[in-house]
Amino acid sequence: MSKILVTGANGQLGNELRLLSEKHIPHHFFFTDVEELDITDYAAVEHFFLQHHIEIVINCAAYTAVDKAEEDKKAAFSINATAVENLARACIQRKAKLIHISTDYVYDGTAYLPYKEDHPTAPVSVYGQSKLAGETAALTVSDCIIIRTSWLYSSFGNNFVKTMLRLGKEREVLNVVSDQVGTPTYAADLAATIMVIVEKAAANQMKLGVFNFSNEGVCSWYDFAHEIMRLSGLKCMVQPIETKDYPAAATRPYYSVLNKTAIKTAYGIKINHWQDSLEKCLSKLLDK
């Protein structure tokens with residue numbers, strides 16, 4: 001049995017992990033958010049590790065307000081970098097393993113082929129820069145895996161899918177960016193993959209390094225929104241627009257498709273197509 005700390009447990013991924021943890025009875029999970037554990041406070045982190053004898057950390061905590069980060073750089077780096085440093089220091093001291101969640105925003109978004117893990121990082125936003133700093137801190141842990149993901153959504157929390165469902169009920173027409181391309185990631189699918197990694201970590205068989213994970217397939221935000229409306233039966237018409245017609249404080253990657261060959265090979269996993277996973281998520285949301 002391993003003692004596993006999950007940070008950011010009230011977020012989309014944390015909640016999906018909480019559901020799956022019920023099937024992993026041999027392990028003892030500690031689900032924490034800032035109310036239970038402030039990971040920006042090293043003394044608090046150190047005390048928690050000592051008190052609970054933590055062996056594996058799954059760091060889902062993140063500052064994800066991409067536009068707000070441009071003005072609030074200190075907060076973004078505090079959660080996305082300093083907090084990771086604190087977890088890394090505690091992991092090194094306790095010889096614990098670290099599973100850290102990162103983002104496609106560490107790439108610059110100018111590629112035309114799916115990003116491999118060894119592609120040079122060049123974040124173009126404060127959010128991306130803070131997440132890259134967090135990766136650097138995480139990699140100081142000898143037993144560490146970083147998972148870069150993209151366009152995360154779930155039946156929990158606030159996300160693009162929920163926003164589209166709400167706006168689709170309120171409006172007849174909706175403009176959505178069509179020249180930013182990537183792949184949506186259902187947090188439940190990512191959580192399932194993390195649980196595969198947890199079992200490997202508990203058996204001291206975790207493959208280390210940086211890995212990409214998203215669902216399969218490629219789409220634009222416009223395509224994503226159009227499919228949400230179609231599957232949910234909403235009559236709202238989605239119209240494509242260009243990024244220049246939707247100004248935002250932070251620069252978004254134009255291309256953020258991730259190559260998942262490495263994680264599929266290392267952990268023997270099969271990844272669902274984004275449309276199939278979207279349908280599963282919508283069935284949960286529309287049943288509520």
Give the ring-plane orientation class for [X] versus [Y], where under 30° counts as parallel, over 60° as perpendicular and anything between as tilted.
X	Y	value
Phe29	His27	perpendicular
Phe30	Phe48	perpendicular
Tyr115	Tyr107	parallel

Would you say the ring centers of [X] and [Y] fall short of 6.0 Å from each other?
X	Y	answer
Tyr254	Tyr112	no
Phe160	Trp221	yes
Tyr186	Trp274	no

Taking atom types as modelled and ignoring hydrogens, do the side chains of [X] and [Y] form a donor-acceptor contact shorter than 3.5 angstrom?
X	Y	value
Gln180	Thr243	yes
Ser154	Glu16	yes
Asn159	Gln12	yes
Asn212	Lys116	no
Asp179	Tyr255	no
Ser150	Asp104	no
Asn215	Thr185	no

Between OH on residue Tyr42 and NE2 on residue His47, distance to nearest 0.5 Å: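 If we round to the nearest 0.5 Å, Tyr42:OH and His47:NE2 are 13.0 Å apart.
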
Quick one: OG on Ser283 to CG on Leu278, what's the gap to the nearest 0.5 Å?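 If I round to the nearest 0.5 Å, the distance is 9.5 Å.
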
Are [Y] and [X] connected into the same hydrophobic cluster when the rule is that any two of I, L, V, M, F, W, Y join if their side-chain heavy atoms are below 4.5 Å apart?
X	Y	result
Leu167	Met237	no
Val161	Val238	yes
Leu139	Tyr105	no
Leu87	Ile146	no
Ile79	Ile58	no

Distance-only, no hydrogens or angles: does the [X] side chain make a donor-acceptor pair with backbone N or O of [Y] under 3.5 Å?
X	Y	result
Ser256	Pro253	no
Asn15	Asn10	yes
Thr136	Leu132	yes
His52	Ile54	no
Thr32	Val6	yes

Contact summary for [X] and [Y], nearest pair of heavy atoms:
X	Y	value
Leu98	Cys91	CB-SG, 4.1 Å
Asp33	Gly8	OD2-C, 3.4 Å
Gly217	Thr183	O-OG1, 2.6 Å
Phe213	Ile147	CB-CG2, 3.7 Å
His28	Met1	N-CG, 3.9 Å
Ile194	Leu17	CG2-CD2, 3.9 Å

Tell me whether Arg18 forms a cation-pi arrangement with Phe31, defined as NZ or CZ under 6.0 Å from the six-membered ring centre and within 45 degrees of its axis.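 Ring-cation test returns yes.
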
With a 6.0 Å cut-off (strictly less than), is the heavy-atom count around [atom1] of [X], excluding the residue itself, greater than 12?
X	atom1	value
Gln51	CD	yes
Lys264	NZ	yes
Glu71	CD	no

If we check side-chain contact (heavy atoms from CB on, under 4.5 Å) with Ile263, which of these qualifies: Val210, Val196, Thr193?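 That would be Thr193.
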
Strictly below 4.0 Å, N to O, side chains only: are Arg252 and Asp67 in salt-bridge contact?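 The answer is yes: the pair qualifies as a salt bridge.
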
Pairs meeting criterion side chain to side chain donor-acceptor pair (under 3.5 Å) with involvement of residues 76-91, two or more places apart: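 Every side chain to side chain donor-acceptor pair (under 3.5 Å) pair that includes a residue of residues 76-91, provided the two are not neighbours, is Asn80-Ser130.
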
Option passing side-chain hydrogen bond (donor to acceptor under 3.5 Å, both in side chains) with Arg148 (candidates Glu117, Glu135, His100):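 Only match with Arg148 under side-chain hydrogen bond (donor to acceptor under 3.5 Å, both in side chains): Glu135.
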
Is there a salt bridge (Lys or Arg N to Asp or Glu O under 4.0 Å) between Glu279 and Arg230 once you walk through the steps? CA-CA 10 Å; Glu279 196 165 359; Arg230 187 185 73 81; over 6 Å; no

Assess whether side-chain contact (heavy atoms from CB on, under 4.5 Å) is satisfied between Lys260 and Ser214, documenting all intermediate values. CA-CA 7 Å; Lys260 281 86 67 175; Ser214 69; 3.0 Å; yes

Applying side-chain contact (heavy atoms from CB on, under 4.5 Å) to Gln239 and Val176, what does each step give before you reach the verdict? CA-CA 6 Å; Gln239 294 188 151; Val176 181; over 6 Å; no

